[in-house]
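Everything on this sheet refers to the single structure shown next.
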There are 2 protein chains.
Amino acid sequence: MAKHIQSLERAAAMLRLLAGGERRLGLSDIASSLGLAKATAHGILRTLQHEGFVEQDPGSGRYQLGAELLRLGTTYLDVHELRARALVWTDDLARSSGEAVYLGVLHQHGVLIVHHVFRPDDSRQVLEVGAMQPLHSTALGKVLAATDPVAHAELVDAKREPFTARTVTELDEIERALDLTRAQGYATDNEETFEGVAAVAAPIYDRRRLAVGSVGITGAVERVCRDGELRPELVAAVRDTARSVSRDLGAKPF
Amino acid sequence: MAKHIQSLERAAAMLRLLAGGERRLGLSDIASSLGLAKATAHGILRTLQHEGFVEQDPGSGRYQLGAELLRLGTTYLDVHELRARALVWTDDLARSSGEAVYLGVLHQHGVLIVHHVFRPDDSRQVLEVGAMQPLHSTALGKVLAATDPVAHAELVDAKREPFTARTVTELDEIERALDLTRAQGYATDNEETFEGVAAVAAPIYDRRRLAVGSVGITGAVERVCRDGELRPELVAAVRDTARSVSRDLGAKPF
DNA sequence: CGATAGCGTTTAGCATTGTCGAACGCGGCA
DNA sequence: TGCCGCGTTCGACAATGCTAAACGCTATCG
């Protein structure tokens, strides 16, 4: 007997397919991509459309994601306890560090950004809440992989794409970096994800001492590094913020 | 024969229930709220959890919305053509008007905010993308109700809640306001939604001359009004922006 | 300009599939 | 320690959603 409801799994696969294929997709594309009869795909899409999860372009008949997903996704942020507790502290971190602050949680094979404070200057920046980052090359991801066994397993299974010349993709080399992360209590990303961009992140724990997320700052390597290493005062600020949020979540500091 | 897939409708109802009930809900609450057997609700929730649409608190066993909704909701914004076209113009409007800019589309019984540019000062503001606003009291909503027949029908059906002493709830009085909106090409909200807050909005049309959204500014009544009326230069700026976006979408300007 | 190929949609019948009621194991509470 | 409530599992039935084939439509091309 199947352990999961078939039509729901198929509907979820459709939503993910529509999310991946940067543009609108036709019914036939969807049906063949998932190996379904056109009528089956149509029935699911009709229901999803009625519920607001997908929309159909009246002209071309093609399908795309629907507005209800945005509404529910925003509601997820409102309910998220970690995010609510972190809101108070991340603004201060952005101000004191002068850099952009990110808050991430494990989701599937990567880090989902649930909060993002802009770097406090007047430059134009785009909000990255809802975006995904890889586990193996980012500071947020390495912290999660070092402290959350589930995240670690995801990192081992995932294919580790090289983004720059400095990206570490060999598993044993990554393990050493994770050991270092566990030993010193924070992780760095020294141009391993984007050229010229470095980051620091530290883990956030809940009342059961389990890692539930990570918080960190990201910025141009010229500003956040000195002599090829992250500036110690920035590392300290990030770790302080992570500890403050953990304390708010009920983690005992011993 | 049923026109829609039962399990999908039930799953969608669960997600909406979880989105509404500000906190985590237990299985029994969900099952009884929807009139389902506990085992049925459990099967659906288990699948939704496996797909990332709901999460379960390990301690209490209660359910809440899942992270996948945030990821998909953000993707919806990326695909949204109206939003992409408007991005270029809304920044300019915020700068020239000095006020916060909102972009909304009709969704269910209200206006869904799909873009929000902060007022260009250094005050702390919260992003309202993904939030819903009522049709009957807001400038964005009245524009949609005046130009989109579907939105108008939703406004008529919805229960029109009074938010301030100035909120108009009588249907014939609203109809006169909508007639005025159609005649002058924009709508206002003069402390009808929040005390001390006023707004202007104008419609955005696509290449088939159908209203697909509305754009407007919102701010303290002392700044955006003079002699109890919206300042004409702000009205002109909003209407210019709406026309620019409409032109980008392919609407012919005759 | 008519034939064609592809699209999204609808239809009918079958068997797979999701649903239900009842029982289970496990906590907190008195 | 007994109880009540929770989330979860089990097994059988029939309602449910799936499949395959045919439909109307638009756009394309010989």
Side-chain angles (χ1 to χ4, degrees), chain A residues 1-18 21-66 79 206-208 210 250, chain B residues 1-18 21-66 79 206-208 210 250:
Chain A
M1 185 196 285
K3 275 196 74 65
H4 292 288
I5 293 179
Q6 188 186 50
S7 54
L8 273 182
E9 284 189 314
R10 289 171 168 177
M14 282 183 195
L15 292 178
R16 256 179 267 116
L17 187 68
L18 288 172
E22 294 290 322
R23 230 178 46 261
R24 296 183 249 260
L25 291 176
L27 171 62
S28 304
D29 304 327
I30 298 173
S32 65
S33 293
L34 300 177
L36 300 176
K38 278 200 298 181
T40 305
H42 177 66
I44 295 173
L45 282 169
R46 181 176 34 175
T47 306
L48 286 175
Q49 180 182 18
H50 183 252
E51 301 293 338
F53 290 98
V54 306
E55 294 168 0
Q56 187 175 25
D57 186 70
S60 64
R62 284 204 177 88
Y63 292 92
Q64 64 168 50
L65 293 181
V79 179
D206 69 357
R207 56 186 69 90
R208 286 164 313 182
L210 297 176
Chain B
M1 185 197 287
K3 276 195 73 67
H4 292 287
I5 294 179
Q6 189 185 47
S7 54
L8 272 182
E9 285 189 314
R10 288 171 168 177
M14 282 183 195
L15 292 178
R16 256 180 267 114
L17 188 68
L18 288 171
E22 295 290 321
R23 229 180 44 262
R24 296 184 248 259
L25 291 176
L27 171 62
S28 303
D29 303 329
I30 298 173
S32 65
S33 292
L34 301 177
L36 299 176
K38 278 201 298 181
T40 306
H42 178 66
I44 296 174
L45 282 169
R46 182 179 28 176
T47 306
L48 286 175
Q49 180 182 18
H50 183 252
E51 301 294 337
F53 290 98
V54 305
E55 293 169 2
Q56 187 175 24
D57 186 69
S60 64
R62 284 204 177 89
Y63 293 93
Q64 65 168 47
L65 294 182
V79 179
D206 69 356
R207 56 186 69 90
R208 286 163 312 182
L210 297 175

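The basis for the numbers below is simple: all heavy atoms, side chains too, and nothing from hydrogens, waters or symmetry mates. In the text below, chain A, chain B and the rest are named by the order of the sequence lines, each starting its count at 1.
- Atom-to-atom distance recorded for R46(B):CZ and I5(A):CD1 is 8.0 Å, nearest 0.5 angstrom.
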### Query
Could you write nucleotides 4-10 of chain C as a row of B, S and -, 5' to 3', where a protein heavy atom under 4.0 Å of any base atom gives B, of only sugar-phosphate atoms gives S, and otherwise -?
---SBBB

Run the side-chain donor-acceptor check on residues 25-36 of chain B: report pairs under 3.5 Å with partners two or more places apart or on a different chain.
residue, atom, partner, partner atom, Å
D29(B), OD2, G26(B), N, 3.3
S32(B), OG, S28(B), O, 3.1
S32(B), OG, D29(B), O, 3.1
S33(B), OG, D29(B), O, 2.8

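- E9(B) places its CD atom 18 Å from the P atom of dA15(D), with the value rounded to the nearest Å.
- Of all heavy-atom pairs between L18(B) and Y63(B), the closest is CD2-O, 3.5 Å.
- We find the CG-CD distance between L48(B) and E9(A) to be 10.5 Å, quoted to the nearest 0.5 Å.
- Across the protein-nucleic acid pair, L45(B) atom CG and dG18(C) atom P stand 15 Å apart, rounded to whole Å.
- Under the side chain to side chain donor-acceptor pair (under 3.5 Å) criterion, S7(B) pairs with S7(A), not counting sequence neighbours.
- In this structure, the CG atom of L34(A) is 11 Å from the P atom of dT19(D), given to the nearest Å.
- Per the geometry, CG belonging to L36(A) stands 11 Å off C1' belonging to dT19(D), to the nearest Å.
- With sequence neighbours left out, R208(A) forms a side chain to side chain donor-acceptor pair (under 3.5 Å) with D206(A).
- Look at CG on L8(A): it is 10 Å from C1' on dG18(C), rounded to the nearest Å.
- One can place NE2 of H4(A) at 12 Å from P of dT8(D), the figure rounded to the nearest angstrom.
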Dump every N/O contact between nucleotides 15-17 of chain C and the protein below 3.5 Å, one line per pair.
residue, atom, partner, partner atom, Å
dT17(C), OP1, Q6(A), NE2, 3.0

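- Residues meeting the side-chain contact (heavy atoms from CB on, under 4.5 Å) test with Q64(A), sequence neighbours left out: R24(A), E55(A), Y76(B), V79(B).
- R16(B) pairs by the side chain to side chain donor-acceptor pair (under 3.5 Å) definition with E51(A), not counting sequence neighbours.
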